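Single-structure report; data block below.
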Amino acid sequence: MSSTAYDYVDGNAAAGELSRIFATDVTAAEGQCAHCGAIKRFAEAHLYMQGPGIVARCAVCENVLLRLAKVRQRVFLDMRGMTYLKLETSQSLESSG
């Protein structure tokens, strides 16, 4: 799928939905694409929000990094497109303590 086929927004658009799952700002997190190995902040991902959920694709190779779908009172989160997602917890710990 080429990014010219559909309009996308950057990973910051997922901040609201992801904040319901994670206690820290995921958009500032660094992740590695499982397909091409690119290491980028999640905010740099290309987000496609035209469907029933959110699909985040690698800004380098367009591989699917993350899928999030809400169904009734459940959230389905598929992150197998990333080798890792590194979350900074220092700010979360400081604000809660």
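Just so we're clear, the structure is a prediction, and the values are computed from it rather than from any experiment.
Residues Y84 and V64 do not share a hydrophobic cluster, defined by chaining ILVMFWY side chains whose heavy atoms lie under 4.5 Å apart.
Listed by chain and number, the residues in a salt bridge (Lys or Arg N to Asp or Glu O under 4.0 Å) with D10 amount to none (sequence neighbours excluded). Residues that satisfy the salt bridge (Lys or Arg N to Asp or Glu O under 4.0 Å) test with R80, not counting sequence neighbours, are D78. With sequence neighbours excluded, the residues that form a side chain to side chain contact (heavy atoms under 4.5 Å, CB included) with A13 are V9, L47, M49.
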Exercise. Would L87 and E30 count as a side chain to side chain contact (heavy atoms under 4.5 Å, CB included) if you check the C-alpha gap in whole Å, the side-chain angles of each, and the deciding distance to 0.1 Å?
Worked result: CA-CA 7 Å; L87 303 164; E30 177 184 275; over 6 Å; no
Problem set entry | Residue pair M82, L66: steps toward the side chain to side chain contact (heavy atoms under 4.5 Å, CB included) verdict | CA-CA 7 Å; M82 287 190 272; L66 174 146; 4.2 Å; yes
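With hydrogens and angles disregarded, no donor-acceptor distance shorter than 3.5 Å links the side chain of T83 to the backbone of G31.
Separation of atoms CZ (R57) and CG (N63) is listed at 7.5 Å; rounding is to 0.5 Å. Here CD of E44 is found 11.0 Å from OG1 of T27. Values are rounded to the nearest 0.5 Å.
Residues A29 and L85 share a closest heavy-atom pair of CB-CD1, 3.7 Å. The two residues C61 and C58 make their nearest non-hydrogen contact at N-SG, 3.5 Å.
Residue V60 belongs to no hydrophobic cluster, having no ILVMFWY side-chain heavy atom closer than 4.5 Å to its own.
The aromatic rings of Y8 and H46 sit parallel, their planes meeting at an angle under 30°, below the 60° perpendicular limit.
Judged as a salt bridge (charged side-chain N to carboxylate O under 4.0 Å, His left out), not a single pair has a partner in residues 45-54 (not counting sequence neighbours).
Side-chain contact between L68 and F76 is absent, with no heavy atoms from C-beta onward closer than 4.5 Å.
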Show me the donor-acceptor pairs, under 3.5 Å and distance only, between side chains in residues 34-42 and residues at least two apart or in other chains.
none

